[in-house]
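Right, one structure below, let's go through it.
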Amino acid sequence: MVQTSGQPSLTFPARSSMQDIRFIREHPDTVRKAIADKFVTLDLDEVLAADRAVLELRQQVETLQAERNANAKLVPKASAEDRPALIGKGKELGVQLAELEPQLREQEEALRALLLRVPNVPHESAPVGPSDDDNAELRREGQLPSFDFEPLDHVDLLALQGWSDPERVARVSGSRSYLLRGEAARLELAILTFALDFLAERGMEPLSTTALVRPETLTATGHFPGGEDQVYRLEGEELMLAGTSEVPINSLYAGEILGESDLPLAFAGFSAAFRSEAGSAGRDVRGLIRVHEFRKVEQYVICRPEDGMAWFERILANAEGILQALELPYRVVQNSTGDMGLGKHLMMDIETWVPSEEKYRETHSCSYLTDWQARRTGLRFKGADGKPQFAHTLNNTGIASPRILVPFLENHQQADGTVRIPAALQPYLGGKAVIGQPRR
RNA sequence: GGGGGGUUGGCCGAGUGGUUGAAGGCAGCAGUCUUGAAAACUGCAGUAGGGCAACCUACCGGGGGUUCGAAUCCCUCACCCUCCGCCA
């Protein structure tokens, strides 16, 4: 399956122009501020100029097309002697169009490329700043563990119990790979299954998805342009490996016009997730924090605009509920404008306590994209007025493994090297309250 | 891997190169009728862009070509169905 010629075909049409060009025209200062606050490198005047150029050229082309169409309609009615003149005129118009149309296409493509880089406007509550140093802690939940023994970090704990095999797996799969043995393998599956059940009980439809996606789905979510080097691509295939099931789920209804009664669509998507981690060499190389392939239960919501904020709170509460059930201490932080990414309107991370590092580490990320992503994807519904409008989309982690195992193992370790299993999880581990062999 | 068939508006489904943006049906909306509902009847009704009013332009899987003119002809790619082979 090799792409031989032409452009890759879109399985769904790119309905609209990313960030709404009309909104940009009418609120250039708002967009300028968003660009500045998000520290995006983009000249809005360049966008506006490209927009004007396209409009102007398009008007020329459309005028010529109108002439051509009118002329062509006269041909069948014309007398034999008038006919050659009309056909001649048609040919002449055709020549002019043949020159202008490719120019128009080119300029439209240039504009489109620029619009793909226009950010969503951040929520007014978002702290303004360039990086995650500017994130604001909103609250802390749960009790930090206090050990009356010398706690191990998760790497040593896994080694102690024979639950990992880092040297061998590196031989097989290279760095940033992982392998879990025995009870740890069952623990991973138990946590994922628990999270899926937890979300299903709260109205999220379970979805098992493939991570294999077409490139345009990654443009639709907003990962492209910009995140290309984070994504694995398959040699000789027009397919890539998504870093989250947000990608396939977002495109599931691409290009469709849904009925208002079809919304909300709320999913708990389960899939493998792949990230090249280009540019993070040397960071978190030890243990399970940062690996190339992991498993994830992802919350994804497509809803009416007026329900967006309520859904944000709901999927944030879902994630917190999972951590509470797993009896893990965490904090919620609101991401700064510079840390939240191009398409996001509002973003909060949940960071879970990692005892060995004595700090909170990101385990969940909750995002509200308003219509920014839906515009790229062509996700519309017919509202009460009968007019199609763009839906709003949100996503949040449900649980991501093996990263979640880091705080889980470390917080729940006991003096004898065994690991305590919270009550909510025990049914998923055959009723066990403790896993691992007591040391010595 | 090889051979057939297909891809038309929210859905189903017609479509001879020349008012076909696209028949017809269903669903939808409004109205008539009715105590109310159903049925029946009448009307409205694709999406996007530009003026934003009349109107104009584009779009019948994607891209390209032929033509004065293409949903209709040609090439190409993708996807779906199906038969054969191969593998499980």
Side-chain angles (χ1 to χ4, degrees), chain A residues 1-26 48 50-109 111-112 115 210 212-217 219-220 234 236-240 248 251-263 265 302 371 374-391:
Chain A
M1 217 199 314
V2 178
Q3 201 70 16
T4 50
S5 67
Q7 291 170 265
S9 90
L10 292 171
T11 45
F12 53 89
R15 294 276 171 185
S16 120
S17 354
M18 324 311 109
Q19 183 55 284
D20 187 4
I21 183 62
R22 280 194 185 157
F23 180 83
I24 297 171
R25 277 180 209 147
E26 287 163 18
L48 293 169
D51 176 43
R52 278 193 298 273
V54 165
L55 279 184
E56 199 178 305
L57 189 54
R58 185 183 289 146
Q59 254 155 35
Q60 285 183 47
V61 168
E62 289 188 357
T63 305
L64 284 172
Q65 285 171 331
E67 273 184 64
R68 179 199 60 193
N69 292 348
N71 184 258
K73 275 183 187 171
L74 296 176
V75 174
K77 298 171 198 156
S79 61
E81 60 242 37
D82 291 343
R83 214 167 262 226
L86 289 172
I87 290 176
K89 189 183 174 193
K91 278 189 179 173
E92 171 56 29
L93 290 166
V95 170
Q96 292 181 48
L97 278 169
E99 183 162 349
L100 289 183
E101 278 175 335
Q103 289 178 30
L104 178 59
R105 249 177 274 134
E106 208 171 289
Q107 293 195 17
E108 282 175 334
E109 188 42 51
L111 175 62
R112 186 183 139 80
L115 287 173
T210 174
L212 216 49
V213 294
R214 300 172 176 281
E216 58 266 30
T217 63
T219 302
L234 301 185
E237 300 272 348
E238 279 298 311
L239 291 169
M240 301 181 174
S251 279
L252 209 51
Y253 293 87
E256 297 191 32
I257 301 175
L258 300 164
E260 190 167 21
S261 58
D262 296 326
L263 300 182
L265 292 164
I302 302 170
D371 65 350
R375 284 181 181 281
R376 295 174 160 242
T377 314
L379 281 177
R380 291 179 297 172
F381 72 99
K382 235 169 214 176
D385 60 358
K387 294 229 165 75
Q389 58 179 301
F390 288 101

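Letters A, B, ... mirror the listed sequences (proteins, then strands); counts begin at 1. As a basis for the values below, the full set of heavy atoms in this structure was taken, side chains included, without hydrogen atoms, waters or symmetry mates.
Nucleotides B/C12 and B/C83, compared at atom C1', are 27 Å apart to the nearest Å. Remark: the separation of the P atoms in B/A22 and B/G9 is 15 Å, to the nearest Å. Atom C1' of B/U72 sits at a distance of 13 Å from the matching atom of B/A14, rounded to the whole Å. Separation of the P atoms belonging to B/A54 and B/C74 is 40 Å when rounded to the nearest angstrom. Between B/G46 and B/C60, the distance separating the two C1' atoms is 12 Å to the nearest Å. Atom P of B/G50 sits at a distance of 46 Å from the matching atom of B/G2, rounded to the whole Å. The gap from the P atom of B/A38 to that of B/U34 amounts to 15 Å, rounded to the nearest Å. As rounded to the nearest Å, B/C26 and B/A40 have P atoms that lie 8 Å from one another.
Nucleotide B/U42 forms a Watson-Crick or G-U wobble pair with B/A30, both donor-acceptor distances falling under 3.5 Å. In this structure, B/A14 forms no base pair with any nucleotide, since neither Watson-Crick nor G-U wobble geometry is met with both distances under 3.5 Å. Of the nucleotides present, B/G6 is the one that pairs with B/C79 by Watson-Crick or G-U wobble criteria, both distances under 3.5 Å. Nucleotide B/A53 is matched to nothing when pairs are restricted to Watson-Crick or G-U wobble geometry with both distances under 3.5 angstrom. In this structure, B/A58 forms a base pair with B/U47, meeting either the Watson-Crick or the G-U wobble geometry with both donor-acceptor distances under 3.5 Å.
Of the candidates B/G50, B/C79, B/C68, B/C79 carries the atom nearest the A/Arg214 side chain, counting heavy atoms from C-beta on. If you check B/G50, B/C68, B/U47 against the side chain of A/Pro388, the one that comes closest is B/U47.
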Test A/Asp51 against A/Ile24 for side-chain contact (heavy atoms from CB on, under 4.5 Å), laying out the working first. CA-CA 10 Å; A/Asp51 176 43; A/Ile24 297 171; over 6 Å; no
Begin with the C-alpha distance, continue with both residues' side-chain angles, and end with the deciding distance and a verdict on side-chain contact (heavy atoms from CB on, under 4.5 Å) for A/Leu265 and A/Leu258. CA-CA 10 Å; A/Leu265 292 164; A/Leu258 300 164; 3.9 Å; yes
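Contacts of residues 53-72 of chain A with RNA chain B (heavy atom under 4.0 Å): A/Leu55, A/Arg58, A/Gln59, A/Glu62, A/Gln65, A/Ala66, A/Arg68, A/Asn69, A/Ala72. Annotation: proximity of residues 95-104 of chain A to RNA chain B (heavy atom, distance under 4.0 Å) is found for no residue.
Listed here is the closest heavy atom pair of A/Val61 and A/Glu101: CG1-CG, 4.1 Å. Smallest separation of non-hydrogen atoms from A/Pro102 and A/Ala98: CD-O, 3.0 Å. Contact detail for A/Leu239 and A/Arg214: the closest heavy-atom pair is CD2-N, 3.8 Å. Nearest heavy atom pair, residue A/Leu86 against residue A/Ala78, reads CD1-CB, 3.5 Å.
Between the CG atom of A/Leu239 and the C1' atom of B/C79 there is a distance of 12 Å, given to the nearest Å. Distance CG (A/Leu111) to P (B/A48): 18 Å, rounded to an integer number of Å. In this structure, A/Lys73 atom NZ and B/A70 atom C1' are separated by 14 Å, rounded to whole Å. Taking atom CD1 of A/Ile21 as the reference point, atom P of B/G49 lies 11 Å away to the nearest angstrom. Rounded to whole angstrom, the span from the CD atom of A/Glu260 across to the P atom of B/C29 amounts to 12 Å. Atom NZ of A/Lys89 and atom C1' of B/U67 are 18 Å apart (whole Å). Computed from coordinates, the A/Glu108 CD to B/G50 C1' distance equals 12 Å when rounded to whole Å. Following rounding to the nearest Å, A/Arg112 (CZ) and B/G49 (C1') show an atom-to-atom distance of 15 Å.
Considering only side-chain N and O atoms, A/Arg380 lies under 4.0 angstrom from the phosphate OP1 or OP2 of B/A48. Taking side-chain N and O atoms only, A/Arg22 has a distance below 4.0 Å to OP1 or OP2 of B/G50.
Side chain of A/Asn69 to backbone of A/Ala66: no donor-acceptor contact under 3.5 angstrom is found. Formation of a donor-acceptor pair under 3.5 Å by the A/Arg83 side chain with backbone atoms of A/Val75 is found in this model. Under a 3.5 Å cut-off, the side chain of A/Thr377 and the backbone N or O of A/Leu379 do not form any donor-acceptor pair.
Remark: A/Gln60 CD is packed, more than 12 non-hydrogen atoms of other residues, nucleotides or ligands lying under 6.0 Å away.
Applying the salt bridge (charged side-chain N to carboxylate O under 4.0 Å, His left out) test to every pair with at least one member in residues 54-80 of chain A, sequence neighbours left out, gives these pairs: A/Arg58-A/Glu108.
Where A/Gly90 and A/Lys387 each meet RNA chain B at their nearest nucleotide, the meeting point lying more 5' is that of A/Lys387.
A/Arg25 comes within 4.0 angstrom of sugar-phosphate atoms only, judged by non-hydrogen atoms across all strands, and of no base.
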